[in-house]
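See below for the structure under consideration.
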Amino acid sequence: MKFTLSPEQRQFAASIGDLLSGSDVPGLARRWGAGQPDLATWRRLADLGVTGLAVPERWDGLAAHPVDLVVAFEELGRHAVPGPLVESVAAVPTLLVELGDDALAGRWLPALSAGTTVATLAAPPHLPYALDADLADPVLLVVDGTLSLARTTTALSSVDATRRLFAVDGAGVLASGPAVTAAAGRAFDAGTLACAAQLVGAGQALLERATDYAKQRSQFGRPIGAFQAVKHQLADVLVGLELARPLVYGAAVAVADRSATAGRDCSAAKVAAGRAAYQAARTALQVHGAVGYTQEYDLGLWLTKVRALLSAWGTATTHRARVAAALRDAATTAARR
Amino acid sequence: MDLDLDAGDVAFRDEVRDWLTEHVPARPLPSMDTAEGFAAHREWEATLAGARLSAVSWPAEYGGRDASLLRWVLFEEEYYAAGAPGRVSQNGIFLLAPTLFAHGTDEQRKRLLPRMARGEDIWAQAWSEPEAGSDLAAIRSSAVRTDGGWLLSGQKTWSSRATFADRGFGLFRTDPDAERHRGLTYFLFDLRAEGVTIRPIPQLDGEPGFAEIFLDGVFVPDADVLGEVHNGWRVAMSTASNERGLSLRSPGRFRAAADRLVRLWRAVGAPSDTALRDRVVDAWIGAQAYRLYTFGTVTRLAEGGGLGAESSVNKLFWSELDVALHETALDLLGAEGELTGRWLDGYLFSLAGPIYAGTNEIQRNVVAERLLGLPKGT
């Protein structure tokens, strides 16, 4: 047993973090939200291998371990990077690989891996809209065991301005049947896992920003971080994030092992990561006070993203129901034995 | 990153599992907070020790098996999954023994540890005083020099099972003029010595699990000073870190309780009650999170890392989880939830978790100041 990141994984996280720290991601996010998305940072992430993590080597990818994917998404969440990352880097590659259709895989995976195009996906009911569909090729739609290409109809606006969502219609069936259902299930798990990792990263960023602010801001003649009412809230945020993170990594190990519990574990990770990140968001806003509530201040980029990601990739209600069903089934199996 | 066990770990786990299947009493023992239950639990400790299972992580020369931390975690998972009795010797094995390993003399270890492992000496902690709870450095009980040792005087309180136990350990002030964290010394003393009076205090559940200890010139030989004279604060803090950390609350305890909760939900939960179902799920997720978090800690410690203030993160999490888990069980039981029984016992026990081993308020201060670097309060 070895349940810590390897030095290489830590180095990978640090490389992504260094790249993003030097990329003015808040500026990028503001332009993205104003309708001027720009894939320059995406291409630099591709140079680090991020976009090829879930792509097999035969389609020019890295065929990385799911833990590496989680490492990357934690950093992407920490820096609030905009764009269809979960879709293009985790879910769509998983869908195309699991489907086992070489023609479809060969058509898109090399370009996705290289970062020269991005993909997006809608899969109602949990994923009703396609993120950044006007940038993406392909735009995919999965409904009731049918995979289609899709065209965009209406643009919608999200609490997170960088999440440019589109309603889509099917425009040409690519595949259908049980294989699509099974592949879509794996893709949903992969997306859920990546989203959970993003949430942990976003929560960590919120905790760090709130902690820094509590050290600098003085009231009543001392830093507000010296007051227990502030300290204890931040301590609770830290505990929530520290205990959510192992669930995310544990789910990645289960996915790698193709364990029967992988779906359950991805759901548990999303529930815990969502709760911890949301607690971080509420606390960070409260600690910052009025300045945190302004659009000018960058904190809002994380606050709104966390709220949006609670709704995306399955709500807490959905994922708790999935865990409950798995526990009920497991108990039944155990009782019969 | 993986969660795989090697063949040696699996063999160890299987041996423990088989032994427990054969030896765990079919009927639960009476509460260890009663005289009868205490005696039964002491006997169980001897049975465990006969298989060298009472302190698996200790060196073989003291009755252990030199088990790695991972194997200790596996042992605990099997132990609680098997529904084995609570550990009446836990204060000695999990609080005092780590301190003896870190600060004791060879003579002390040889004299005290084997008897502890066999349940021949059951140890009670004597930390708190009426005016020193969270502010432990405010203690007033004192020790004064005498021929060949020390004379202890003062009052200790909230000492678990001191009414039935054999020996006690705690801090006493040896230099009244020193700054309050200095001038303290860590003593080991006989609860049946002349000058010791013990008054049981019934707990919330009605059992005399607590006690007050009054000391009036109790003689302790130099051989029973643990660590250096006047250095007791530092010595004791190493024990505190063990208590809050891995040692006292292993994930197996919560995993077993969460599995029981899931079984209870399957048996009595109304399918339409998704609110209670979600609480069951959250408790199960919490137990799973603590288990995986612990595997991460075990890996880091095996690679030479330290625990330190992170033990406060553990303590905050498991103590809140334990309360939530038992509250959910009582609510699942509906109108039956108020009746005495295993879940209610567990619930009452869980309520103490946020208080003992350093209150959760103190733990949040530790997390905020040492892990987040926030300024100390005034």
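Scope of the values below: all heavy atoms of this structure, side chains included, with no hydrogens, waters or symmetry mates. Proteins get letters first, then strands, A, B, ... in listed order; numbering begins at 1 in each.
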More than 12 heavy atoms of other groups within 6.0 Å of B/R342 CZ: no
Nearest heavy atoms of A/H232 and B/E361, plus distance in Å: NE2-O, 3.4 Å
Euclidean distance, B/N365 CG relative to A/Q228 CD, rounded to 0.5 Å: 4.0 Å
Donor-acceptor pairs are to be reported for all side-chain atoms of residues 327-334 of chain B against protein atoms at under 3.5 Å, with residues two or more places apart or in another chain.
unit_1 : atom_1 : unit_2 : atom_2 : d
B/T328 : OG1    : B/A324 : O      : 2.7
B/D331 : OD2    : B/R279 : NH1    : 3.0
B/D331 : OD2    : B/R279 : NH2    : 2.8

Straight-line distance of A/F3 CZ to B/L292 CG, nearest 0.5 Å: 4.5 Å
Interface residues of residues 64-74 of chain A facing chain B - non-hydrogen atoms under 4.5 Å apart: A/H65, A/V67
Ring-face cation contact, B/W265 with A/R328, 6.0 Å cut, 45° max: yes
Taking every non-hydrogen atom, the tightest pair across A/A214 and B/L374: CB-CD2, 4.0 Å
Choice from B/L371, B/T274, B/V367 maximising heavy atom contacts with chain A below 4.5 Å: B/V367
Smallest separation among heavy atoms of A/A272 and B/I285, with atom names: CB-CG2, 4.3 Å
Heavy-atom pair of closest approach, residues A/K215 and B/G373: CE-O, 3.2 Å
Separation between CG of B/D4 and NZ of A/K2, rounded to the nearest 0.5 Å: 12.5 Å
Expected list for residues 278-287 of chain A: side-chain donor-acceptor pairs under 3.5 angstrom, two or more places apart:
unit_1 : atom_1 : unit_2 : atom_2 : d
A/T283 : OG1    : A/Q279 : O      : 2.7

Region of A/D236 in contact with chain B, defined by heavy-atom distances below 4.5 Å: side chain
Reported CG-to-CG distance for the pair A/L243 and B/N314, which is rounded to 0.5 angstrom: 8.0 Å
Selection from B/R300, B/E310, B/E369 maximising heavy-atom pairs under 4.5 Å formed with chain A: B/E369
Side chain / backbone / both / neither for A/T211 at chain B, heavy atoms under 4.5 Å: both
Chain A contact via B/D2 - which portion, at a heavy-atom distance below 4.5 Å: both
Contact origin within A/A268 toward chain B - heavy atom pairs under 4.5 Å: both
Proximal component of B/R277, with respect to chain A [non-hydrogen, under 4.5 Å]: side chain
Partner chain B: residue of A/Q9, A/E208, A/R264, A/E242 with the largest heavy-atom pair count (under 4.5 Å): A/R264
Region of A/A321 in contact with chain B, defined by heavy-atom distances below 4.5 Å: both
Chain A contact via B/L70 - side chain, backbone, both or neither, heavy atoms under 4.5 Å: side chain
Sequence-distant partners of B/E303, side-chain hydrogen bond (donor to acceptor under 3.5 Å, both in side chains), two or more places apart: none
Crowding at CZ, B/F295 (>12 non-hydrogen neighbours, <6.0 Å): yes
Heavy-atom pairs under 4.5 Å with chain B, option from A/A254, A/G240, A/P246 with the top count: A/P246
Segment of A/R245 engaging chain B (4.5 angstrom heavy-atom cut-off): neither
Region of A/L234 in contact with chain B, defined by heavy-atom distances below 4.5 Å: both
Considering all heavy atoms, the nearest A/T4-B/G296 contact: CG2-O, 3.7 Å
Minimum heavy-atom distance B/G377-A/K231, with the two atoms named: N-NZ, 3.2 Å
Side chain, backbone, both or neither of A/V253 within contact of chain B (heavy atoms, under 4.5 Å): side chain
Most contacts with chain A, counted as non-hydrogen pairs under 4.5 angstrom, among B/N360, B/D282, B/D259: B/D282
Among the listed options A/A324, A/A256, A/A269, the residue most often paired with chain B at heavy-atom distances under 4.5 Å: A/A324
Portion of A/L5 that has a non-hydrogen atom of chain B nearer than 4.5 angstrom: both
